[in-house]
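Below: the structure, in structure tokens.
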Amino acid sequence: MTKQQKKILYRILLGAVLFLAAEIVIHFIALPWWGELLIFLAVYLVPGWSVLWKAVKNISRGQVFDENFLMTVASIAAFAIGQYPEAVEVILFYQVGELFEKIAVGKSRQAVSDLLDLCPDEATVLRDGKPETVLVDEVEVGEHILVRPGEKIPLDAKVYEGHTTIDTAALTGESMPVAASAGDEVCSGCVNLSGAVELVVTKPAAESTASKIMELVEESASSKAKTEQFITRFARYYTPCVVIAAVILAVLPPLVLGGGAVVWKDWIYRALTFLIISCPCALVISVPLSFFGGIGSASKNGILVKGSNYLEALSHAQIVVMDKTGTLTEGKFHVTKQEPVGLTAAEQLKYAALAESASNHPIAQSLKDAYGKEPDTARVTDVQELAGHGVSAKIDGKQVLAGNAKYLEDAGLQTKAPTEIGTAVHLAVDGRYAGYILIADTLKADAPDAIRLFREAGVSTAAMLTGDSELAAKAISDTLQLDEVHAKCLPEDKVKWMQEYRKNLDKGRTLVFVGDGMNDAPVLAQSDVGVAMGGLGSDAAIAAADLVILDDQPSKLGIAMHIAKKTMGIAKENIVFALGVKAIVLALGALGLAHIGAAVFADVGVSVIAILNSMRAMRVGKYKS
């Protein structure tokens, strides 16, 4: 509990004890009216002084019609008509509601504040071979820093020396540690778990991953959902209206009906009841709190939401359009199958890796990765490459050809056509066909879960736009059971398809696009919610998207939809509950059938219940697909 929360709690407890003592004194000792007034006024000031002061300050700033003003007017008027105990009760219960609000807001901010506490303020820099502790802002790109076990990585960097495991949970929500050794990139905000490592800084503090994420989270509060905007506008007009209605209720009936002080006192009491009931705190507090809790819950799952408006839009998703490479697939080529002829698989892979050793092409890189060790280029001579077709080289004195089917067929060799999806690298050694190695971009392990979660969230169309071939696109589509797939798409084709999808949206439903950041900026602009995959360490992704999935898992979007729907459901429950209870008690109060105790429940009680309901949005926690 914070100091501010403790202060409110102490005021409530002290006020309650003094109130009980005052009731006992009044019960046993007959005091004049002014004696009772002084006792209850003294008790009232203990919990009520802060409310009075806030009301005065807000009025001086032109902010008249808020809950502090309503509570002040209601309690002072209660004193004026001789309802001293009820005046104290009003302010005591209001402070109870304030305490619940502070606790709830504190908890909702915790998930986000944990994210904002990503980076240490200082770093250990190695200068002249000696460790020196300096502020992160003073560390320059290219300098070497030392990060010991248990410490957070202060800046984006590459491992220069050492081997360790990195905890990325603070950024991605993923509990599985990641191994890091020389040459690997590491992001600020992650925790070094096992070994001390020397890192080379690659970005200044202001451009680090943690810094970008902190800016994004801080800005998310400024983008309000339509529901929040409605509640803000509603409260702006609703509060002065009910104050005027309360004044009319207090004055008009006695003037019309006539009567003495007793009649005036009765109608003023009804007006006070009406005024207390009408306080809009339950809505003004609980609805934004629901959205803030949803954003915090998303952040715990490694999903950054740039504003509650995007969370609301996501809850109405009807069509989800996805890129293929890097979104549904890994975006990295892997050897998926070997079909050797006349030699072992190990020999086939050795010849392919050595033949492609001088190439930087992704396919060549995948062959070298599969080989598992650095090719000995001294064994390779007479390298001749025909761009887009293949390479010829002598390896250990043997003539090796590696390339596509046409390249080998042009050399007079007959090749074997693979039946699986992927790119085939065919080989020949000393004029004899040596089979093929199949290379493909593999589907992400959680892609099927992503599509299932979309369906559960009410998405009617899951589509894929890709520049890849029809065969490769259809294979992915069939595996994931997508509704539509469009292959060989240029950027302008993707924009055209997005415009078509927008025409098919039902009223009130939204269009979502999932891509890999800045490359998809034109398409993101066509969507209601743009989602960037693989955002960890990607400035472009963070800048371009409305939601950023930090750990490259498409299923996290399905989790975000689950959180968005739950958040919207909670916000709507609070609106219906608060307005419903208030409407009933307002009518009863105007008819004189509800006293101030019922009014306090309709205000503070409803607020507390709505706040507790809002806190459910924070308890989504680490949702598992």
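- Under the 4.5 Å side-chain criterion, counting only non-hydrogen atoms from C-beta, E356 is not in contact with Y371.
- Residue-environment remark: CD (Q481) stays at or below the threshold of 12 foreign heavy atoms within 6.0 Å.
- Residues L155 and P204 come closest through the heavy atom pair CD2-C, 4.1 Å.
- Side-chain contact check for V147 versus P154: some heavy-atom pair is nearer than 4.5 Å.
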inquiry  = What verdict does the side chain to side chain contact (heavy atoms under 4.5 Å, CB included) test give for V485 and K474, after you've listed the backbone C-alpha separation in whole Å, the side-chain angles of each residue and the deciding distance to 0.1 Å?
reply    = CA-CA 7 Å; V485 59; K474 188 177 185 306; 5.6 Å; no
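- Using a 4.0 Å cut-off between charged nitrogen and carboxylate oxygen, D528 and R502 count as a salt-bridge pair.
- Y433 places a side-chain N or O within 3.5 Å of a backbone atom of K416 that can act as its donor or acceptor partner.
- With S357 contributing its side chain and L354 its backbone, the two residues share a donor-acceptor pair below 3.5 Å.
- Interatomic distance, E409 CD to N404 CG, rounded to the nearest 0.5 Å: 8.5 Å.
- Between the D483 side chain and the A462 main chain, a donor and an acceptor come within less than 3.5 Å of each other.
- S392 places no side-chain N or O within 3.5 Å of a backbone atom of Q384 that could act as its donor or acceptor partner.
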E456/H562 under side chain to side chain contact (heavy atoms under 4.5 Å, CB included): CA gap, chis, key distance, verdict = CA-CA 9 Å; E456 291 175 1; H562 167 84; over 6 Å; no
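- The closest side-chain heavy-atom distance from D156 to E185 is not below 4.5 Å.
- A370 and V335 get closest at one heavy-atom pair: CB-CG2, 3.6 Å.
- You'll find the side chain of P448 reaches within 4.5 Å of the side chain of L480, heavy atoms only.
- Side-chain contact between F454 and M561 is present, with at least one heavy-atom pair separated by less than 4.5 Å.
- When the shell of 6.0 Å around CD of Q414 is examined, it contains 12 or fewer heavy atoms from other residues, nucleotides or ligands.
- Under the 3.5 Å distance criterion, the side-chain polar atoms of D184 are matched with a main-chain donor or acceptor of S181.
- Inter-residue side-chain proximity for S315 and K565 is flagged as met; some heavy-atom pair is nearer than 4.5 Å.
- Each of L314, T327, L453, I303 was scored for a side-chain contact (heavy atoms from CB on, under 4.5 Å) with L557, with one residue passing: L314.
- Taking the charged nitrogens against the carboxylate oxygens, D323 and K494 do have a contact shorter than 4.0 Å, which makes a salt bridge.
- We find the CD1-CD distance between I439 and Q338 to be 9.5 Å, quoted to the nearest 0.5 Å.
- H316 NE2 to R509 CZ: the interatomic distance, rounded to the nearest 0.5 Å, is 8.5 Å.
- In this structure, the separation between CG on L193 and OG1 on T165 is 4.5 Å, given to the nearest 0.5 Å.
- Looking only at distances, a side-chain donor or acceptor of T510 sits under 3.5 Å from a matching main-chain atom of A313.
- With no hydrogens or angles considered, no side-chain donor-acceptor pair links S290 and T567 at under 3.5 Å.
- Of all heavy-atom pairs between T336 and A440, the closest is CG2-CB, 3.9 Å.
- The residues K398 and D430 are annotated as not salt-bridged, no charged nitrogen and carboxylate oxygen being separated by less than 4.0 angstrom.
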inquiry  = Does L438 form a side chain to side chain contact (heavy atoms under 4.5 Å, CB included) with E339? I'd like the steps, not just the answer.
reply    = CA-CA 8 Å; L438 200 64; E339 192 72 31; over 6 Å; no
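- By the neighbour-count criterion of 12 heavy atoms within 6.0 Å, atom CZ of R432 is sparsely surrounded, having that number or fewer from other residues, nucleotides or ligands.
- If you check the side chains of N504 and E500, you find no donor sitting under 3.5 Å from an acceptor.
- To the nearest 0.5 Å, atom NZ of residue K556 and atom CG of residue N301 are 6.0 Å apart.
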key: Pair Y436-T415, side chain to side chain contact (heavy atoms under 4.5 Å, CB included): steps then yes or no   = CA-CA 8 Å; Y436 64 84; T415 61; over 6 Å; no
inquiry  = Quick one, E347 with K350, criterion salt bridge (charged side-chain N to carboxylate O under 4.0 Å, His left out). Give me CA distance, side-chain angles, the key distance, then yes/no.
reply    = CA-CA 5 Å; E347 289 173 330; K350 175 191 70 175; 5.6 Å; no
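- No option in V320, V512, D546, V548 other than V512 meets the side-chain contact (heavy atoms from CB on, under 4.5 Å) test with V531.
- No side-chain heavy atom of V380 sits under 4.5 Å from any side-chain heavy atom of P375.
- Between the T164 side chain and the G195 main chain, a donor and an acceptor come within less than 3.5 Å of each other.
- Of the possible donor and acceptor atoms, none in the side chain of K368 sits under 3.5 Å from a partner among the backbone N and O of A353.
- By the 4.5 Å heavy-atom criterion applied to side chains, I451 and M322 are counted as neighbours.
- Using a distance-only test at 3.5 Å, with no hydrogens or angles considered, a donor-acceptor pair links the side chain of Q348 to the main chain of A434.
- The NZ atom of K444 sits 7.5 Å away from atom CG of L328, with the distance rounded to the nearest 0.5 Å.
- Side-chain atoms of D446 and S555 form a donor-acceptor pair, as typed in the model, at a separation below 3.5 Å.
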